[in-house]
Amino acid sequence: QVQLVESGGGSVQAGGSLRLSCAASGYTASIYCMAWFRQAPGKEREGVADITTGTGGGSPYYVDSVKGRFTISHDNAKNTLYLQMNSLKPEDTAMYYCAAGSFCYAGVFPQNYNYWGQGTRVTVSS
């Protein structure tokens, strides 16, 4: 089993920044891909970005709406995933979830991830 705990959410004004963190614990040796998802009220869960953990991984993936504004990264030594969010927009308002799986498939889809955190809320006001 793998446990994921997110932190770093909050309320900011448009144009501001936030950094989300996701600490992984448990059997992390089984994890080779981690991702961030978000879900706004009344909408489906959306994949934001993913990254291959460990060495030798490919480039991170980003959904078009966050390219150039968000950066995903992973600290192998700390088993922690990050999402640096800059130039935030009101449409970025959502609950953000960390997810972990054994492989980064093309695209970021919830069914490809076995483990999920409880979420951290991000609110961006105009």
Worksheet item: Got a second to check how far Thr52's OG1 is from Met34's CE, nearest 0.5 Å?
Response: 12.0 Å
Discussion item. Would Leu4 and Leu81 count as a side-chain contact (heavy atoms from CB on, under 4.5 Å) here? Give the steps.
Written reply: CA-CA 10 Å; Leu4 303 174; Leu81 181 73; over 6 Å; no
Worksheet, complete the sentence: When rounded to the nearest 0.5 Å, the distance separating CD of Gln13 from OG of Ser125 is 5.0 Å
Discussion item. How long is the straight-line distance from OG1 of Thr123 back to CG of Leu88, given to the nearest 0.5 Å?
Written reply: 10.5 Å
Worksheet entry | Shared hydrophobic cluster for Met95 and Tyr82 (ILVMFWY, side-chain gaps under 4.5 Å) | no
Response to the item:
Between Ser30 and Val2 the two heavy atoms that sit nearest each other are OG-CG2, 4.1 Å
Worksheet item: Counting only N and O atoms by type, is there a donor-acceptor contact under 3.5 Å from the side chain of Glu6 to the main-chain atoms of Gln118?
Response: yes
Worksheet item: Under a 4.5 Å side-chain heavy-atom rule over Ile, Leu, Val, Met, Phe, Trp and Tyr, are Leu83 and Tyr61 clustered together?
Response: no
Discussion item. A quick test of your reading: do over 12 heavy atoms of other residues, nucleotides or ligands sit less than 6.0 Å from CD of Gln111?
Written reply: yes
Worksheet item: If Ile, Leu, Val, Met, Phe, Trp and Tyr residues are connected whenever their side-chain heavy atoms lie under 4.5 Å apart, and connections chain through other members, are Val63 and Ile51 in the same group?
Response: yes
Discussion item. Which residues pass the side chain to side chain contact (heavy atoms under 4.5 Å, CB included) test with Lys67, not counting sequence neighbours?
Written reply: Tyr62, Asp64
Worksheet item: Less than 4.5 Å apart, any side-chain heavy atom of Thr53 and any of Asn76?
Response: yes
Worksheet entry | Nearest atoms (heavy-atom pairs only) where Gly101 meets Asn114 | CA-OD1, 3.8 Å
Item to complete: Locate the shortest heavy-atom distance separating Val108 from Ala35; write the atom from each residue and the value.
Response: CG1-CB, 3.9 Å
Worksheet entry | Beyond-backbone contact of Pro110 with Phe37, side-chain heavy atoms, under 4.5 angstrom | yes
Practice prompt. Determine whether Leu20 and Val122 make a side-chain contact, defined as any pair of heavy atoms from C-beta on separated by less than 4.5 Å.
Written response: yes
Discussion item. Please identify which of these residues, Val66, Val12, Leu18, meets the side-chain contact (heavy atoms from CB on, under 4.5 Å) condition with Met85.
Written reply: Leu18
Worksheet item: Can you list every side chain to side chain donor-acceptor pair (under 3.5 Å) pair that touches residues 89-101, not counting sequence neighbours?
Response: Arg38-Asp92, Arg38-Tyr96, Arg69-Asp92
Item to complete: Would you kindly confirm whether Ile31 and Tyr113 end up in one hydrophobic cluster when ILVMFWY residues are joined by side chain heavy atoms under 4.5 Å apart?
Response: no
Practice prompt. Only counting residues at least two apart or in another chain, list the ones meeting side-chain hydrogen bond (donor to acceptor under 3.5 Å, both in side chains) with Asn86.
Written response: Ser17, Gln84
Worksheet entry | Verdict with reasoning, Trp116 to Arg45, per side-chain contact (heavy atoms from CB on, under 4.5 Å) | CA-CA 12 Å; Trp116 293 84; Arg45 191 165 296 191; 3.3 Å; yes
Worksheet item: Cluster question for you: counting only ILVMFWY and a side-chain heavy-atom cut-off of under 4.5 Å, with indirect links fine, are Ile72 and Phe70 together?
Response: yes
Fill in: Steps toward side-chain contact (heavy atoms from CB on, under 4.5 Å) verdict (Cys33, Tyr105)
CA-CA 9 Å; Cys33 182; Tyr105 296 91; over 6 Å; no
Worksheet entry | Heavy-atom pair of closest approach, residues Thr80 and Ala23 | OG1-CA, 4.1 Å
